[in-house]
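Beneath this line is the structure, given in structure tokens, with notes to follow.
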Amino acid sequence: MSPGSYDTPMEVWNQDAVTAARQLIGYRFYVKLGDGSLVGGVITETEAYTADDAASHTFHGETARNSVMFSGAGKLYVYFTYGMHWCANIVTGPDRSGQAVLLRALRPDSGITYMRANRKGRPDAELVDGPAKLCQALRITGDDNGAEINEGRFVLRTPLGRPPTVKATTRIGIRHDQQRLWRFIAISCD
DNA sequence: ATGGGGATCGTCT
DNA sequence: GACGATCCCCATC
């Protein structure tokens, strides 16, 4: 695949979560600040969650918390966990199928100063190397649950360089369906 | 370098 | 009432 031939962000999130999670590695995710500047970087780690997957919030059907995952692709699903952490997902297609891609890590390329301020005292290598750290660095909270990507303050863009090599492994922190290799990690990435 | 446990509260049974 | 799609600190090697 040559530069310029990437699927658009909308084409990516309209697919099922597993396909989208793999493809999103190398895409770029940002929050737009009030002054128009971007904070974020290259997506280097994702996980897929589907409705027939016991590890997913949607496995037991629609509830108040997970309703955004059933409300159409291209939105942000943000949930609160362990009494203190936020985690962010991109809802994928098919619409209303209860699927999403957890954003687990970025390689920062914009707004480092903002991320350092939100992750005070942490070395640069630990600014956005986990799902809750990512939300902390970009100040994503429950207020952002349901936000439409590329229509408001959240920006998803195609890769700049060559597509990365991607490795699939077991997902982190789950008890059920550990045999599914639905965690995707960038090995080499431009 | 690696591993165990505490923090902390919304969500669902 | 139990447990989590986690992180951080501290102990130990």
Side-chain angles (χ1 to χ4, degrees), chain A residues 12-13 15-25 27 29 31 39-41 43-71 73-93 96-108 114-147 149 154 156 166-186:
Chain A
V12 175
W13 69 52
Q15 303 169 104
D16 67 280
V18 180
T19 304
R22 179 185 288 276
Q23 198 173 351
L24 278 167
I25 301 296
Y27 280 62
F29 181 76
V31 180
V39 179
I43 298 172
T44 55
E45 186 177 336
T46 62
E47 282 176 359
Y49 289 89
T50 67
D52 59 2
D53 155 25
S56 173
H57 289 171
T58 53
F59 185 63
H60 298 289
E62 184 171 352
T63 66
R65 174 176 67 159
N66 66 27
S67 65
V68 168
M69 283 183 70
F70 291 97
S71 71
K75 294 175 183 171
L76 213 60
Y77 166 53
V78 184
Y79 67 89
F80 186 66
T81 191
Y82 293 105
M84 61 190 89
H85 295 304
W86 297 101
C87 294
N89 302 250
I90 294 174
V91 179
T92 70
R96 308 194 162 274
S97 59
Q99 303 187 46
V101 174
L102 175 66
L103 298 174
R104 289 193 58 87
L106 305 176
R107 190 182 64 216
Y114 183 84
M115 291 189 259
R116 285 190 186 126
N118 293 326
R119 299 268 308 136
K120 211 154 185 59
R122 300 287 152 199
D124 284 1
E126 297 173 18
L127 291 179
V128 282
D129 63 337
K133 300 178 191 179
L134 189 158
C135 285
Q136 195 176 59
L138 272 55
R139 291 204 188 179
I140 297 172
T141 71
D143 291 343
D144 301 305
N145 189 36
I149 296 164
F154 295 101
L156 183 66
V166 177
K167 172 172 77 174
T169 73
T170 59
R171 292 171 291 178
I172 299 295
I174 58 167
R175 302 196 316 170
H176 304 289
D177 279 320
Q178 293 180 343
Q179 77 285 1
R180 299 183 202 246
L181 303 183
W182 285 358
R183 177 193 185 206
F184 300 100
I185 307 171

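Residue numbers start from 1 in every chain, and the chains themselves are labelled A, B, ... in the order their sequence lines are given, proteins ahead of strands.
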Output row for DNA chain C, stems defined as at least 3 consecutive Watson-Crick or G-U pairs under 3.5 Å, is B:1-7 with C:6-12, B:9-12 with C:1-4
Whole angstrom value for the distance that separates C1' of C:dC7 from NZ of A:Lys120: 19 Å
Qualifying residues under ring pair (Phe, Tyr, Trp, His ring centres under 6.0 Å), relative to A:Tyr79, sequence neighbours excluded: A:His57, A:Tyr77
C:dG4 C1' sits how many Å from A:Phe80 CZ, rounded? 11 Å
Round to a whole Å and report the spacing from OH of A:Tyr79 to C1' of C:dC7. 13 Å
Nucleotide C:dA5, atom C1' - distance to CZ of A:Arg175 in whole Å: 13 Å
Does C:dC9 have its OP1 or OP2 closer than 4.0 Å to a side-chain nitrogen or oxygen of A:Arg122? yes
Are the side chains of A:Leu76 and A:Ile140 in contact, using a 4.5 Å heavy-atom criterion? yes
Look at A:Arg171 together with A:Asp53 and state whether they make a salt bridge at an N to O cut-off of under 4.0 Å. yes
Proximal nucleotide (of B:dC12, C:dC8, C:dT6) relative to the A:Cys87 side chain: C:dT6
If I compare all heavy atoms of A:Gly93 with all of A:Ala73, which pair ends up nearest, and what's the gap? N-CB, 3.5 Å
Remember a base hit wins even if backbone is also touched, and classify A:Leu102 as base, sugar-phosphate or nothing at under 4.0 Å, heavy atoms. base
Expressed in whole Å, how much space separates the P atoms belonging to C:dA5 and B:dG3? 22 Å
Any donor-acceptor N/O pair, A:Ser56 side chain to A:Thr50 backbone, under 3.5 Å: yes
Rounded distance in Å - CG (A:Asn66) to P (B:dC12): 7 Å
Closest-nucleotide mapping onto DNA chain C: is A:Gly173 or A:Glu126 further toward the 5' terminus? I mean the 5' end. A:Gly173
Out of B:dT8, C:dG4, C:dA5, which has the shortest distance to the side chain of A:Met84? B:dT8
Would you say the side-chain atoms of A:Arg119 pair up with the backbone N or O of A:Leu127, donor to acceptor, closer than 3.5 Å? yes
Would you indicate whether the side-chain heavy atoms of A:Leu24 and A:Leu156 approach each other to under 4.5 Å? yes
Can you check the A:Tyr49 OH to C:dG4 C1' distance for me, whole Å? 11 Å
Set out, in order, the CA-CA distance, both residues' side-chain angles and the distance that settles side-chain contact (heavy atoms from CB on, under 4.5 Å) for A:Leu181 and A:Thr170, then state yes or no. CA-CA 5 Å; A:Leu181 303 183; A:Thr170 59; 3.7 Å; yes
Would you indicate what A:Arg171 reaches in the nucleic acid, counting non-hydrogen atoms under 4.0 angstrom: base, sugar-phosphate, or nothing? nothing
side-chain N/O A:His85 vs C:dC7 OP1/OP2, d < 4.0 Å: no
Hey, is A:Tyr82 doing a stacking thing with B:dA7, by the 5.5 Å centroid and 30° angle criteria? no
For A:Lys133, is there an ion pair with A:Glu126 - N to carboxylate O distance below 4.0 angstrom? no
Taking any heavy-atom pair under 4.0 Å as a contact, classify A:Arg183: base, sugar-phosphate, or nothing. nothing
Please give, in whole Å, the distance from C:dC7 P to A:Glu45 CD? 10 Å
Identify which nucleotide among B:dT13, C:dT6, C:dG4 has an atom closest to any side-chain atom of A:His60, counting heavy atoms from C-beta outward. B:dT13
Are any non-hydrogen side-chain atoms of A:Ile174 and A:Tyr49 less than 4.5 angstrom apart? yes
Separation of A:Trp86 atom CH2 from C:dC7 atom P, in whole Å? 15 Å
In residues 128-139 of chain A, which residues come under 4.0 Å of DNA chain C by heavy atom? A:Gly130, A:Pro131, A:Ala132, A:Lys133
